[in-house]
Undergrad: 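Okay, here's the structure, questions in a sec.
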2 protein chains.
Amino acid sequence: MPVTIYDIANKAGVSIATVSRVFNGSTRVSANTRSNVLKVAADLGYQPHATARSLARRKSSIVSAVIPMLTNYFFVEILRGLQDTLARTEYDLLVFSARTLDEVDGQMDRALQRGQAAGIFVFSSPMTGERVTKLSAFNEALVLVDCFHPGLDSVTTNNLEGGEVATRHLLETGCERLALIMANPESVPARDRRDGFERALASAGREFDPSHVVTSTDEDHHGYNEQSGYDAMRKLLAGKVCPDGVVATSDVQAIGALRAIREAGLSAPEDIRVVGYDDILIARHVGLTTIRQPMYEMGVMAAERLLSQIEVPTQTRAQTVLSPCLVVRRTTSNDVGSGEEPSGQIVGRA
Amino acid sequence: MPVTIYDIANKAGVSIATVSRVFNGSTRVSANTRSNVLKVAADLGYQPHATARSLARRKSSIVSAVIPMLTNYFFVEILRGLQDTLARTEYDLLVFSARTLDEVDGQMDRALQRGQAAGIFVFSSPMTGERVTKLSAFNEALVLVDCFHPGLDSVTTNNLEGGEVATRHLLETGCERLALIMANPESVPARDRRDGFERALASAGREFDPSHVVTSTDEDHHGYNEQSGYDAMRKLLAGKVCPDGVVATSDVQAIGALRAIREAGLSAPEDIRVVGYDDILIARHVGLTTIRQPMYEMGVMAAERLLSQIEVPTQTRAQTVLSPCLVVRRTTSNDVGSGEEPSGQIVGRA
DNA sequence: TTTTGCCGTGTAAGCGCTTACACTATGCCT
DNA sequence: AGGCATAGTGTAAGCGCTTACACGGCAAAA
């Protein structure tokens, strides 16, 4: 009882080709026939069969996204950008979420399944050789989001710049002894942020104290978690030279660090200034100065990029790099008004 | 150059039917043939074509979820439950997110597209007549999540109970003048929570003061936003009898209320105790007592329900109702330890 | 030895749609 | 009047796979 184009063709006294034409790019069909077919289709409650359509067209109307740790606010925001952009097209979004980075490979395989999608997004996954091989063999559109590989399209933010901006901010507010609380170096963004930290120090002519860089070896979320920030801060506080400014490679780590600071009877920004990274929702509420990434825009741009790849498959590759921006709040400044002013003072542009 | 079963059949010297059998329920194929086919397939780098498979099987390996306001932590958690459960099956998840409740209908139409999905989840959408009609006409599996309609499968939490528990908690801690900060009554959960509030008052023999129920008329997220909580609290503070206990229908509203309280020079729990609803991440950080919903579990159960519907289509309907649980934190108690103990004291079971 | 049955495999008919190609009018140009 | 576009429609061949049915062969049963 599902109604097909045959039913319509029968009832309207035309051929299935004509019915199909009506429902497609309307290649030359007379106005009469068209409206007649449309009417019959409406009467019968016809709906095109998505799968059959894809098969015949040799092109799916689905695009896939492989996302590790969907729980993360960062990804959800990007997803919004994707969705809002895709909603205006014929494409629907298949979401493959991996709980850990190890699960990414499995989900990627599912996503790369032939005939499934017209294109795919890969989020925040380190580009191992094996992955690059698989992705390069994929014949459809592909955009990396928040990760990078030469020769593949990507939309990323400039983590090096972000790390640098955060560090420079601390220097400018008068910090003398800077420290870095870093996530697991397996994470490429973490490494880039660290490089930015070092670069800012170097260009300010400051010496770089290796004991002031605490690196997580945590596997859970690659060290992007509160506990790892807490532990790192404790370690810093126990060191011989206590820092007066701390950059963390994520907000959650920064929040852990703040807890350690508070427990030590100290406070931010008075004793130690703290900068996070990401601008998650909580950052606002705890007044955390942070580096905001243009997440929504990343989603939009990634989607646009994918769509244009689908349209013109042979197109040259493009790597889009967006700049993060500094959001100044309580943990580095006494001037920003207390309490939870909604957004903080935004410095720089996204 | 994409390799099909014909290529394999040729090279292996068998028919396409045999190749197909190897890749399916392995209906009677000799061990020799099987391993030979598998080998050839591996050599050629064969991958089954997802779309063709769905068409031939008359059954998609995709399930869809229609989700309003994906930004919401609540939905993301449920999604995790869905994904984790689906990951173990052959099904992939198509996500249709609507930015507003009005967009739900459009996204629902896309999701209901014939031949697209083997089943669909509809999240948190009021069941208007039109929607019920469309959903009932859908011939595939269907599970409502966080919304309800008799005759359709659903997984919900008991909002009435949640409202009641929150209210009773305030009464037990000695509050005398209870108030309710309520979201837009278009939202069914909000109404249910209010009913719970009223019921708890009634069964405690308290009188119900209508002026102590402030209802949002906000359209933005149905009044589930910080501003609406803030405004409501201001209104309560300006009233002739100031409440000493407030239940909010969501954490974000509660957080707005807390701000209003602080700005009025008062504090929680000393002057006014506050209970939220949802247990979003921020709740922990501001020490908000709240009602936690078993979000992840909802996702798991919804997925399981859908899967079993797909397996046995004629099965009887089931409405699953999960109980929320109270999480006691600073805003209603001085005994819970200060600062941000991670989880709060959990009372009741999820 | 003949019968019965089952196992392993092939043949072919779809699934519901798109689209190249062919065909028939019709209108227009010479 | 004949020739030639051109617009509108139909015919049929797929898209890559699944699966009902048929068939040959061989082992067990008679």
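In the text below, chain A, chain B and the rest are named by the order of the sequence lines, each starting its count at 1.
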Undergrad: Give the nucleotide from the list dG16(D), dT9(C), dC17(C) with an atom nearest to the side chain of His49(A).
TA: dC17(C)
Undergrad: Tell whether Arg21(B) reaches the base of dG10(C) with its side chain through a donor-acceptor pair below 3.5 angstrom.
TA: yes
Undergrad: Determine: side-chain N/O of Thr18(A) to OP1/OP2 of dG10(D), distance under 4.0 Å, yes or no.
TA: yes
Undergrad: Strictly below 4.0 Å: does Thr51(A) bring a side-chain N or O up to OP1 or OP2 of dG16(C)?
TA: no
Undergrad: Answer with yes or no whether Arg58(B) presents, from its side chain, a donor or acceptor under 3.5 Å of a partner atom in the base of dG14(C).
TA: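 No, no donor-acceptor pair under 3.5 Å.
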Undergrad: Tell me the interatomic distance from Phe23(B), atom CZ, to dC17(D), atom P, rounded to whole angstroms.
TA: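 In whole Å, dC17(D) P and Phe23(B) CZ are 9 Å from each other.
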Undergrad: Rounded to whole angstrom units, what separation is found between the CD atom of Glu90(B) and the P atom of dT18(D)?
TA: 12 Å
Undergrad: Let's see if you can work this out: which of dG16(C), dT11(D), dT18(D) has an atom nearest to the side-chain heavy atoms of Ala17(A)?
TA: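 That would be dT11(D).
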Undergrad: How long is the line joining CD1 of Ile5(B) and C1' of dC17(D), in whole Å?
TA: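 After rounding, the reported distance stands at 5 Å.
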Undergrad: Out of dG8(D), dG16(C), dT18(C), which nucleotide sits closest to the side chain of Arg28(A)?
TA: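 Among dG8(D), dG16(C), dT18(C), the one nearest the side chain of Arg28(A) is dG8(D).
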Undergrad: Roughly, in whole Å, what's the span from CD1 in Ile8(B) to P in dG16(D)?
TA: 13 Å
Undergrad: For Met108(A), does the CE atom sit with more than 12 other heavy atoms under 6.0 Å from it, leaving out its own atoms?
TA: yes
Undergrad: Can you figure out which of dA12(C), dT18(C), dC17(D) approaches the side chain of Tyr46(B) most closely?
TA: dC17(D)
Undergrad: Whole Å only: how far is the NZ atom of Lys59(B) from the C1' atom of dG16(C)?
TA: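 One finds 18 Å between C1' of dG16(C) and NZ of Lys59(B), rounded.
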Undergrad: Could you pull out the closest heavy-atom pair between Ser136(B) and Leu152(B), with the gap in Å?
TA: OG-CD2, 4.5 Å
Undergrad: Is it the case that over 12 heavy atoms from other parts of the model lie below 6.0 angstrom from the NZ atom of Lys39(B)?
TA: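 Result for NZ/Lys39(B): open.
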Undergrad: Name the nucleic acid region contacted by Ser20(A), choosing base, sugar-phosphate or nothing; use a 4.0 angstrom heavy-atom cut-off, strictly under.
TA: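 Answer is base: heavy atoms of Ser20(A) come under 4.0 Å of a base.
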Undergrad: Nearest to the Thr33(B) side chain among dG10(C), dC17(C), dG8(C), which nucleotide is it?
TA: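 So the side chain of Thr33(B) is nearest to dG8(C).
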Undergrad: Any donor and acceptor pair, going by atom type alone, linking the side chain of Asn10(B) with main-chain N or O of Asp7(B) inside 3.5 Å?
TA: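 Pair absent, no side-chain N/O of Asn10(B) close to backbone of Asp7(B).
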Undergrad: When the distance from CG of Asp7(A) to P of dC15(C) is rounded to whole Å, what number comes out?
TA: 11 Å
Undergrad: Please report the distance, rounded to the nearest Å, between CG in Asn36(A) and C1' in dT9(D).
TA: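 Checked: the CG to C1' distance equals 14 Å.
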Undergrad: With sequence neighbours left out, write down each residue that passes side-chain contact (heavy atoms from CB on, under 4.5 Å) with Arg58(B), or none if nothing qualifies.
TA: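 Once residues adjacent in sequence are excluded, Arg58(B) has no partner under the side-chain contact (heavy atoms from CB on, under 4.5 Å) criterion.
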Undergrad: Of Tyr6(A) and Gly13(A), whose nearest nucleotide on DNA chain D comes first from the 5' end?
TA: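 This one resolves to Gly13(A).
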Undergrad: State which of dT9(D), dT18(D), dT18(C) makes the closest approach to the side chain of Arg57(B).
TA: dT18(D)
Undergrad: May I have the distance from Asn24(A) (atom CG) to dC15(D) (atom P), rounded to whole angstrom?
TA: 18 Å
Undergrad: For Ala31(B) and for Arg114(B), find the nucleotide of DNA chain C with the closest heavy atom, then tell me which residue's nucleotide is more 5'.
TA: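 Between the two, 5'-proximity favours Ala31(B).
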Undergrad: Does a nitrogen or oxygen in the side chain of Thr4(A) sit under 4.0 Å from OP1 or OP2 of dG16(C)?
TA: no
Undergrad: Closest nucleotide of DNA chain C for Ile16(B) versus for Leu55(A): which of these residues is on the 5' side?
TA: Ile16(B)
Undergrad: Between Arg21(A) (side chain) and Arg28(A) (backbone), is there a donor-acceptor pair under 3.5 Å?
TA: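 Judged by distance alone, no pair lies under 3.5 Å.
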